[in-house]
Each structure stands twice: as C-alpha cells, then as structure tokens.
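Okay, so here's the structure we're looking at.
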Amino acid sequence: MIQTEESIVEKALKNFTIVKNSDSEKFKQIDEWLLKESRLYMKEIKNNNAPAQYYSYKRGTILKVDFGVNPGSELCYTHFAIVLDKDNKASSDSITVVPLTSKEGQGKILLDTLILDELIKKLSNKVRVANSEADVQKIKALINSYKKYTNFSYAYVSQITTISKSRIIIPSNKYDIIGKSRCSKEILNKIDNEIIKLYTNLNDVDKV
C-alpha cells in the first residue's frame, strides 16, 4: 500500500508528539520550533516568484540566530554567531557562521568577554548621547537583556554551519546593534587559526 502525503505527515506528527512528551529537556520546545519552521516554509512558497533580496552582512558581524531543534549533538536553540563569509551578497539567502556558546570543550576557543566588550560597551556609549529619557530606558533594557549572554565567550568552531538568513533574528529595537556590530580582527584571526587546525593539514605541511 502506497502511503499518501497526508498519512506521512500524520505519522510524523505522532512521532513529534511522542518526542515532545518525553523526558528530554532538549525537545520540550520542539512544537514551538516546528510551528516557526512551518511558517518559514509558508513564507518561502508565497515569495517563490519574488526577486531575491536579503540583508548583506560583513565578515565578523555578530548575529543572533535561532538554530532550531536538531538531532544528536548539533547546536540547538538561540545563540549569538559570527559571520565568516568574506563577501556575503544581498542576493544570497545563505550565510556561514560560527556559533558562540557558554561552555568550553573540544573544538571551541575562548574569546574572553566578546559579548560584554563588543555589545554592552557600545550600547553604554549610546546611553550618553541619547536624546531623551525614554531612549535611555530602551537602551538600558537592551543592555540588561544582553548581560545574561556575557558568558557566551567560546567560539564553537567545530559547529561552523551554513544557514538560511531566515534563521537570523532581526532586532525589533532600533537601538539594538546586533547585526551591525562586528568583532575585532584579533578575534577573527583566532577563529581562522582554529579552523586551519581543525579542518586543514596546513600546520602539518609547515612542519615537514
């Protein structure tokens, strides 16, 4: 008997329901992610004939990305990430990033207080030049929201991935500098060196 598309979807829904109701903390929000992902797919088919035009991000730009819920040890949920593309065009839907995490381990490099230095301090500078008390409060609210991410100081080089730009969380606050702020060349050099170490034989060639 050949399964119809509807029956396959129904079977998948039952599987997702079982996963959602399991004891795994990882899958507690899988229903929310599936709903969001379905909306992304709906948006894609609706805009199928529209001219492709996306944001263009420079190398080193700090983004906030929803990586979704993924199998095995693949990264899940929302993380800051650094753009690796040297020439990312507005016509391209995809972008390659290295995620940031709060936990040390193999394939990760310490970046010290990246979020604190690159985001919070820059926002603090905006407070000093704000035009009104309302603006000051909006900026301070952003600072407080980012303080919980100050421990995201490891670049997860072994989880470098190419994503659709639809996964990027666009700031709703006009004072937010996510997507506008870039990390230093020193940090990018550290990431590049780790990439060479993990994925190439260049260091071995140098020793020959």
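Residues S164 and S94 bring no donor and acceptor atom of their side chains to less than 3.5 Å of each other. With no hydrogens or angles considered, a side-chain donor-acceptor pair links E37 and W33 at under 3.5 Å.
Taking every heavy atom of both residues into account, L84 and I191 meet most closely at CD2-CG2, 4.0 Å. Heavy atoms only, all atoms of each residue included: A155 and L100 are closest at CA-CD2, 3.9 Å. Nearest heavy-atom pair across Y55 and N88 is O-OD1, 3.8 Å. The nearest pair of heavy atoms linking G107 to L198 is CA-CD1, 4.1 Å. The two residues A90 and S56 make their nearest non-hydrogen contact at N-CB, 3.9 Å. Closest approach of S166 to D93, counting heavy atoms only: N-OD1, 4.4 Å.
A distance of 6.5 Å separates NZ in K36 from CG in L40, rounded to the nearest 0.5 Å. In this structure, CD1 in I30 is found 11.0 Å from CG in N21, a value given to the nearest 0.5 Å. Between the OH atom of Y41 and the NZ atom of K46 there is a distance of 16.0 Å, given to the nearest 0.5 Å. In this structure, the separation between CG on L34 and CZ on R39 is 12.0 Å, given to the nearest 0.5 Å. Note that the CG atom of L188 and the CZ atom of R182 stand 8.0 Å from one another [nearest 0.5 Å]. For the atom pair CD1 (I195) and CD1 (I109), the distance works out to 8.0 Å, reported to the nearest 0.5 Å.
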- [ ] Take L142 and I177 through the side chain to side chain contact (heavy atoms under 4.5 Å, CB included) test and state the conclusion after the steps.
- [x] CA-CA 10 Å; L142 276 174; I177 58 177; over 6 Å; no
- [ ] In sequence, state the C-alpha distance, the side-chain angles, and the governing distance for V98 and T161, and then conclude on side chain to side chain contact (heavy atoms under 4.5 Å, CB included).
- [x] CA-CA 7 Å; V98 55; T161 185; over 6 Å; no
TODO: Show the numbers, then the answer: is there a side chain to side chain contact (heavy atoms under 4.5 Å, CB included) between L110 and S153?
DONE: CA-CA 6 Å; L110 180 63; S153 53; 4.0 Å; yes
- [ ] Give the C-alpha distance, both sets of side-chain angles, the deciding distance and a yes or no for side chain to side chain contact (heavy atoms under 4.5 Å, CB included) between I178 and F80.
- [x] CA-CA 9 Å; I178 287 292; F80 286 106; 3.1 Å; yes
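Both V97 and Y57 are part of a single hydrophobic cluster, where members link through side-chain heavy atoms under 4.5 Å apart. Under the 4.5 Å side-chain contact rule for hydrophobic residues, Y175 and V136 share a cluster.
Screening I170, I169, I168 for a side-chain contact (heavy atoms from CB on, under 4.5 Å) with L63, the sole residue that qualifies is I168. Applying the side-chain contact (heavy atoms from CB on, under 4.5 Å) test between E194 and each of I160, V157, N189 identifies V157 as the sole match.
Side chain of Q159 to main chain of S73: a donor-acceptor pair is present (N/O by atom type, distance under 3.5 Å, no hydrogens or angles). Panel note: side chain T61, backbone K58; a donor-acceptor pair is recorded below 3.5 Å. Side-chain N or O atoms of Y77 include one that pairs as donor or acceptor with a backbone N or O of K26 at under 3.5 Å. Using a distance-only test at 3.5 Å, with no hydrogens or angles considered, no donor-acceptor pair links the side chain of H79 to the main chain of P99. K103 contributes no side-chain N or O that, together with a main-chain N or O of Y154, makes up a donor-acceptor pair within less than 3.5 Å.
Judged by the 6.0 Å and 45° rule, K108 forms a cation-pi pair with Y156.
Between E133 and Q137 there is a side-chain heavy-atom pair separated by less than 4.5 Å. Contact annotation: the side chain of I95 never approaches that of T162 to less than 4.5 Å [non-hydrogen atoms, C-beta and beyond]. Side-chain contact between V83 and T96 is absent, with no heavy atoms from C-beta onward closer than 4.5 Å. Counting heavy atoms from C-beta on, the side chains of F67 and T78 never come closer than 4.5 Å.
Between R59 and D85, none of the side-chain N atoms (NZ, or NE/NH1/NH2) sits under 4.0 Å from a carboxylate O, so this pair counts as no salt bridge. Taking the charged nitrogens against the carboxylate oxygens, K89 and D87 do have a contact shorter than 4.0 Å, which makes a salt bridge. In this structure, D31 pairs ionically with K20, as a charged nitrogen and a carboxylate oxygen lie closer than 4.0 Å.
Counted within 6.0 Å of CD on E104, heavy atoms from surrounding residues, nucleotides or ligands total 12 or fewer; the atom is thus considered open. Within 6.0 Å of atom NZ in K185, 12 or fewer heavy atoms from other residues, nucleotides or ligands are found, so the atom counts as exposed in its surroundings.
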